[in-house]
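The block underneath contains the structure these notes are about, expressed in structure tokens.
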Amino acid sequence: MKHLITCVAILLTCLLFAGCTTTMPATKPGTFYLYFIDNEGVSLRPKAASLAGEDTKAQIEEVLNRLSDPEEAGDYAVAIPNGISVSEYELRDGILSLHFNEEYGGLLPASEIMLRACVVKTLMQLSDVNAVAFFIGDKPFTDAAGNEPGPQNDETFLTSFGEETDDIESRVFVLYYASEKGDSLIRVEKRIHYNSNTALESLVLEYLAEDPKVKGARAAIAD
């Protein structure tokens, strides 16, 4: 089971991190946006907003509060779910360190990645913030694969905002399926044609749930 969770987390991280093709977000220069999560939990949704805080400290606190407010999220899901909070933060030399409570460590990998993307992309719009680092208590955050992402900026994450387009793209995906015994991973390469409007995270999860039709391999995600 640990292998399966790890492979899904690695795939989602690879898709969200820079280096993948994506459509440009439907945002306007000069407008501040709060980033929330669509109801499928696979892509980010920006909402135009204005900040009341007069300095960076006040704006950071305001952003973190609003990203966890269901009324602010409206039809979308909050970026920071109930029970998750920032216990303290520090802004030094442009790097904003956010120290989350211990409950952060209990987030599922996909939910954690989406939270991190929303928080980073929102806070990076503040002029004094050049990167955001995540901590659980006083310990640097490590993902499901055991890696420390370190400070991240708004270009770290791949996002899709559902722009209308008929463009079809093609690329080779490296997918990791479970072995028949479920105790190891099997590497499979697939060339997939997809509409550029498609959220790649959702696309990969869909393929991982299907029979790979490869000897000795089975779906990585149970129905």
Side-chain angles (χ1 to χ4, degrees), residues 2-22 24-25 27 32-37 41-46 56-57 59-68 78-81 83-161 173-174 176 185 199-201 204-205:
K2 182 178 179 181
H3 287 294
L4 303 187
I5 293 174
T6 300
C7 80
V8 172
I10 292 171
L11 285 165
L12 285 171
T13 302
C14 290
L15 287 169
L16 279 165
F17 279 82
C20 299
T21 302
T22 182
M24 293 296 291
T27 55
F32 189 89
Y33 290 91
L34 297 170
Y35 285 86
F36 296 101
I37 306 170
V42 296
S43 61
L44 273 58
R45 300 295 183 193
T56 302
K57 180 179 183 296
Q59 290 174 347
I60 290 171
E61 295 175 357
E62 179 181 349
V63 163
L64 293 174
N65 287 332
R66 293 175 71 174
L67 289 180
S68 62
V78 294
I80 304 176
I84 306 298
S85 62
V86 176
S87 55
E88 61 178 306
Y89 68 87
E90 178 184 30
L91 179 61
R92 178 180 296 179
D93 298 328
I95 298 179
L96 175 61
S97 297
L98 300 178
H99 296 259
F100 284 84
N101 59 357
E102 294 297 327
E103 283 75 7
Y104 189 99
L107 288 170
L108 293 175
S111 298
E112 188 283 320
I113 293 170
M114 298 305 290
L115 180 159
R116 193 157 23 109
C118 287
V119 169
V120 171
K121 289 187 72 66
T122 301
L123 288 170
M124 280 297 301
Q125 296 171 85
L126 303 181
S127 59
D128 293 334
V129 178
N130 299 324
V132 182
F134 285 68
F135 294 79
I136 299 178
D138 293 328
K139 297 181 179 179
F141 166 75
T142 56
D143 60 24
N147 301 313
E148 287 186 18
Q152 298 147 79
N153 59 34
D154 60 348
E155 296 180 353
T156 303
F157 301 94
L158 166 69
T159 54
S160 174
F161 303 115
F173 288 79
V174 177
Y176 288 86
L185 301 176
L200 298 186
E201 303 92 337
V204 165
L205 289 174

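Keep in mind that this is a model prediction, so the values were computed, not measured. Positions are given from 1, in the same order as the sequence printed here.
Considering every non-hydrogen atom in both M124 and A131, the closest pair reads SD-N, 3.6 Å. In this structure, L107 and P81 approach most closely via the heavy-atom pair CD2-CG, 4.1 Å.
For the atom pair NZ (K139) and CD1 (I136), the distance works out to 9.5 Å, reported to the nearest 0.5 Å. Put simply, CE on M114 and CD1 on I37 are 5.5 Å apart, with the number rounded to the nearest 0.5 Å. Atom OG of S85 and atom CD of E102 lie 10.5 Å apart (nearest 0.5 Å). If you take CG on N101 and OG on S87, they are separated by 6.5 Å, rounding to the nearest 0.5 Å. With rounding to the nearest 0.5 Å, the separation of CZ in R116 from CG in L98 is 12.0 Å.
In this structure, F135 and H99 have parallel ring planes: the angle between them is below the 30° cut-off, well short of the 60° mark.
A ring-centre distance under 6.0 Å is found for Y104 and F141.
Taking the side chain as every heavy atom from C-beta outward, E103 and I84 approach each other to under 4.5 Å. Here the side chains of Y89 and V132 are not in contact, with every heavy-atom distance at 4.5 Å or above. Between L126 and L96, the closest side-chain pair of non-hydrogen atoms is not below 4.5 Å. Annotation: side chain of Y33 is not in contact with side chain of K121 (no heavy-atom distance under 4.5 Å). Using a 4.5 Å heavy-atom threshold, the side chains of Y35 and Q125 count as touching. Within the 4.5 Å cutoff, no side-chain heavy atoms of L115 are placed close to those of E112. No side-chain heavy atom of P151 sits under 4.5 Å from any side-chain heavy atom of N130.
Looking at E88, its side chain never comes within 3.5 Å of a backbone N or O of V86 through a donor-acceptor pair. Looking only at distances, no side-chain donor or acceptor of D128 sits under 3.5 Å from a matching main-chain atom of K57.
Just one residue in the list L67, I80, L44, T122 forms a side chain to side chain contact (heavy atoms under 4.5 Å, CB included) with F36, and that residue is L67.
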